[in-house]
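Note: hydrogens, waters and symmetry copies are ignored here, and every other heavy atom, side chains too, is used. Here, residue 1 is the first one in the sequence, and each next residue gets the next number. On a predicted model such as this, the values are computed, not experimentally measured, just so you know.
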Amino acid sequence: MPVRIVVASAVFLTLVGVLCGGIWAQGGFAAGERLPAEPGESIDNDLFTLTAHEATLEHEESFGRVRQQVVVHGELALHDDEAVRSSTILNSLLDLELLPGGHAPDPSAELLLERRVEAGAVSLVQPRSTEDVRLVWYVPEEVETVDEIRLVVQDAEYGAGFIDDQKRWWNPDDTAAGQYVLPVAGE
């Protein structure tokens, strides 16, 4: 009887070893890269939900200078009980990449509310609000064409930094909640 147990254990351990080796060869148990969300699908993190509908390339004339800007039209729902700076959302929790070429937009970005675009950019997003928004990034002058964009929504956590004990919304692990790859319609 002990020989049967030894043989059964050896067969079992061999199968487990082969199975683990196969899983490891396929990338292991780590989460794979997520497929981009489709336009109109929502991406959530702990701070907000973004539903991007489309991206457009527009031109803005200011002080005799014409600048191209990528505008993402969508809906933003804030989950927090306090107002949050739009710069926190735009600069810390959203990453935009201009394609082809993988260029980054100019560092200045704006969040506008569709219901009052003429009022300009807002500095605070109101608590527990859902708004139709325009997220605006300026295209660097050296970028000649923008066919599509990759918009990455970062995970968000409210807490203190590594050195600074002041609490804020940020992404300490540099992980993404999801991403969109949107074609850019011209003006």
Taking the side chain as C-beta and beyond, is there a heavy-atom pair between L94 and V152 under 4.5 Å?
no

Which heavy atom of S129 sits nearest to which heavy atom of Q126, and what is that distance?
OG-O, 2.6 Å

Decide whether V181 and L96 are clustered together by the hydrophobic rule: side chain heavy atoms of Ile, Leu, Val, Met, Phe, Trp, Tyr closer than 4.5 Å, transitively.
no

Please step through side-chain contact (heavy atoms from CB on, under 4.5 Å) for the pair E41 and T51, ending with a clear verdict.
CA-CA 6 Å; E41 289 181 357; T51 307; over 6 Å; no

Group every Ile, Leu, Val, Met, Phe, Trp and Tyr by side-chain heavy-atom contacts under 4.5 Å, then state whether Y158 and V153 land in the same group.
yes

Do L113 and D132 come close enough that some side-chain heavy atom pair is under 4.5 Å?
no

Tell me whether S92 contacts the main-chain N or O of I89 through its side chain, where contact means a donor paired with an acceptor under 3.5 Å.
no

Do any N or O atoms from the side chain of D80 and from the backbone of L47 form a donor-acceptor pair under 3.5 angstrom?
no

Answer with yes or no whether the hydrophobic clustering places L78 together with W169; edges join I, L, V, M, F, W, Y residues whose side-chain heavy atoms lie under 4.5 Å apart.
yes

Show your reasoning for whether side-chain contact (heavy atoms from CB on, under 4.5 Å) applies to V84 and F48.
CA-CA 10 Å; V84 175; F48 61 85; over 6 Å; no

Does the side chain of E157 come within less than 4.5 Å of P172's, by heavy atoms?
yes

Closer than 3.5 angstrom, by distance alone: can the side chain of N45 be matched with the main-chain N or O of T49 as a donor-acceptor pair?
no

Q68 to V143 - nearest heavy-atom pair and separation:
NE2-O, 4.1 Å

Measure across W170 and G159 and return the closest heavy-atom pair with its distance rounded to 0.1 Å.
NE1-O, 3.4 Å

What residue among E118, E114, E60 forms salt bridge (charged side-chain N to carboxylate O under 4.0 Å, His left out) with R134?
E114

Give a yes or no on whether a salt bridge exists between R67 and D106, defined as a side-chain N under 4.0 angstrom from a carboxylate O.
yes

Given L135 and L112, is the side-chain contact (heavy atoms from CB on, under 4.5 Å) satisfied, shown in steps?
CA-CA 6 Å; L135 307 172; L112 298 110; over 6 Å; no

Any donor-acceptor pair under 3.5 Å linking the side chain of S86 with the backbone of L124?
no

Would you compute the distance between atom CG of L111 and atom OG1 of T88 and round it to the nearest 0.5 angstrom?
11.5 Å

side-chain contact (heavy atoms from CB on, under 4.5 Å) between Q154 and D95, worked out
CA-CA 8 Å; Q154 300 292 338; D95 292 327; 2.6 Å; yes

Shortest non-hydrogen contact between V184 and T56, atoms and distance:
CG1-C, 3.8 Å

Please confirm whether the backbone N or O of A52 pairs with a side-chain atom of Y180, one donor and one acceptor, at under 3.5 Å?
yes

Side-chain contact, heavy-atom cut-off 4.5 Å: L151 with L50?
yes

May I ask you to test the V122-E110 pair for a side-chain heavy-atom distance under 4.5 Å?
no

Would you mind reporting whether I149 and W137 have side-chain heavy atoms less than 4.5 Å apart?
no

When rounded to the nearest 0.5 angstrom, what distance separates CG in L90 from CZ in R85?
13.0 Å

Between R128 and H79, is there a donor-acceptor pair closer than 3.5 Å when you use the side chain of the first and the backbone of the second?
yes

Can you check whether E75 reaches E131 side chain to side chain, under 4.5 Å on heavy atoms?
no

With a 6.0 Å cut-off (strictly less than), is the heavy-atom count around CD of E142, excluding the residue itself, greater than 12?
yes

Less than 4.5 Å apart, side chain to side chain, heavy atoms only: is that true for D147 and L99?
no

Under-4.0 Å salt bridge between E141 and R65
yes

Under a 4.5 Å side-chain heavy-atom rule over Ile, Leu, Val, Met, Phe, Trp and Tyr, are V71 and V133 clustered together?
no

So which heavy atom on L93 is nearest to which on A156, and how close?
CD1-CB, 3.9 Å

Nearest heavy-atom neighbours spanning N91 and A109
OD1-CB, 4.5 Å

